[in-house]
Amino acid sequence: MKVWISGGSGFVGSHLVRAFDDVCAPSHAEVDVTDPDAVRRSIRAFAPDAVIHSAILNDFTRLERDGWAGYVGATRNVVGAAGEAQVVLISTDWVFSGVGGNFIEATPPSPVNAYGMLKAASELVVEGRGAVARLSAVQGVSEAPRSQDAGFGYFVAALVRALRAGERFTVWEGEDINMTATPTLASDAADLIARIVAGGHTGIFHCCGGESVDRRTLALRTVEAFGLDGDLLGFGPPPPQPWRIPYDTSLDARATAATLGVELPSLADQLARLQMTMEEVRA
Ligand SMILES: NC(=O)c1ccc[n+]([C@@H]2O[C@H](COP(=O)([O-])OP(=O)(O)OC[C@H]3O[C@@H](n4cnc5c(N)ncnc54)[C@H](OP(=O)(O)O)[C@@H]3O)[C@@H](O)[C@H]2O)c1
């Protein structure tokens, strides 16, 4: 199966590239997804069976000016060029309000900030045409992990890096950040998306782990799993956030698991596998 992937050099995209055998993943410099002609030329030249749109304008300061083209326009470009190929859009738990949590695949989006609104609008471009794979709190090994931010991405790697270096790590806790989510190994998300592609599925999928946790629990479970010095952990308020952030974006993915025929992994299982991968990278 031939798979064309945007954003293949990114955190999620690099795991997607490894999940398939026959891949075309042009870099940003080779194909700018906001350029419809470039996207069409690249996809048509490769003639894929499936296209996965994972590229993202990750600079939130540019969303007001460039967000519509960067998210909705780019999704239109990919869908428009896909022809008969299957389409998968990578989306996010931040399409939800963060009130109540345990959102299922059928819960209508209720975004509270520009990022969530632009991703929800992008999902509409794919509706009736392909699959939407919503990810949450993606964890993995990266050469340049972000430090802690208002979301959960890279949280485990950032914490492990700090504590292994003997540095203190203050776990943010507050009303105005993402406090509860569903940690997901990037490699597991890629495997779930590969199953969506292999099965030719359409519709909305929650490609996440099997357990939702708050930041404190994730930090404590990470310390335990990695054998770190818990005395270096602290808990305190985050810096002021320039945007409204959804509080509890936990996902219920039972329908996805049933459709794809998988059991979603516990947090302990994910942390154990992440630790093994990190040891391999360090060796
Ligand atoms: N990370 C998470 O925790 C998380 C959680 C939920 C959902 N997601 C979703 O996962 C997807 C990927 O996110 P990520 O964390 O992997 O982001 P990332 O690491 O920042 O990667 C973004 C990728 O998109 C490329 N890109 C950016 N603008 C582009 C453009 N105009 N044309 C072509 N390529 C462009 C980047 O290339 P350059 O670096 O060369 O610009 C990079 O390869 C997104 O849809 C995001 O919403 C991520």
Side-chain angles (χ1 to χ4, degrees), residues 4-19 24-39 41-43 51-60 62-63 65-78 81 88-96 98 103 109 111 113-123 125-126 131-146 148-158 178 181-190 192-193 205-209 218 245-246 249-251 253:
W4 185 94
I5 299 172
S6 72
S9 67
F11 181 33
V12 171
S14 57
H15 288 83
L16 286 168
V17 167
R18 289 198 281 275
C24 172
S27 69
H28 186 169
E30 288 164 336
V31 176
D32 185 327
V33 288
T34 63
D35 177 345
D37 295 332
V39 172
R41 271 197 304 275
S42 176
I43 292 181
V51 301
I52 304 178
H53 179 36
S54 179
I56 183 176
L57 171 61
N58 233 344
D59 178 352
F60 280 20
R62 288 178 52 196
L63 289 193
R65 196 189 65 190
D66 302 324
W68 195 260
Y71 285 62
V72 184
T75 307
R76 278 192 180 133
N77 294 341
V78 172
V88 181
L89 169 69
I90 308 304
S91 191
T92 173
D93 54 347
W94 280 31
V95 295
F96 295 117
F103 300 100
N113 58 27
Y115 171 63
M117 184 275 290
L118 290 164
K119 293 298 274 191
S122 302
E123 289 186 358
V125 176
V126 175
V132 170
R134 292 191 186 128
L135 276 48
S136 171
V138 184
Q139 308 301 321
V141 183
S142 166
E143 281 171 16
R146 293 199 293 262
Q148 184 176 202
D149 61 24
F152 266 65
Y154 291 120
F155 182 91
V156 172
N178 194 189
T182 313
T184 310
L185 289 189
S187 52
D188 287 353
L192 291 170
I193 292 158
F205 295 86
H206 285 176
C207 295
C208 59
L218 181 56
I245 309 287
T249 58
S250 52
L251 298 180

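The model shown is predicted, which means the values in this text are computed figures rather than measured ones. We count residues from 1, following the sequence as given. Every number for a ligand or one of its atoms is a count from 1 in the order of the listing.
For the pair Ile43/Val51, a side-chain contact is recorded, criterion being any heavy-atom separation below 4.5 Å from C-beta on.
Phe96 and Phe103 have parallel rings, their planes meeting at less than 30° on a 0 to 90° scale where 60° marks the start of perpendicular.
A donor-acceptor pair is defined here as one N or O able to donate and one able to accept, closer than 3.5 Å; no such pair exists between the side chain of Thr92 and the backbone of Arg134. The backbone N or O of Pro246 sits less than 3.5 Å from a side-chain atom of Asn178, completing a donor-acceptor pair.
Sorted by chain and number, the heavy-atom contacts of ligand 1 below 4.0 Å come from Gly7, Ser9, Gly10, Phe11, Val12, His28, Val31, Asp32, Val33, Ser54, Ala55, Ile56, Asn58, Ile90, Ser91, Thr92, Tyr115, Lys119, Leu135, Val138, Gly153.
In this model, a donor atom of one side chain and an acceptor atom of the other lie less than 3.5 Å apart for His53 and Ser6.
Every salt bridge (charged side-chain N to carboxylate O under 4.0 Å, His left out) that Asp149 has, sequence neighbours left out, goes to Arg146.
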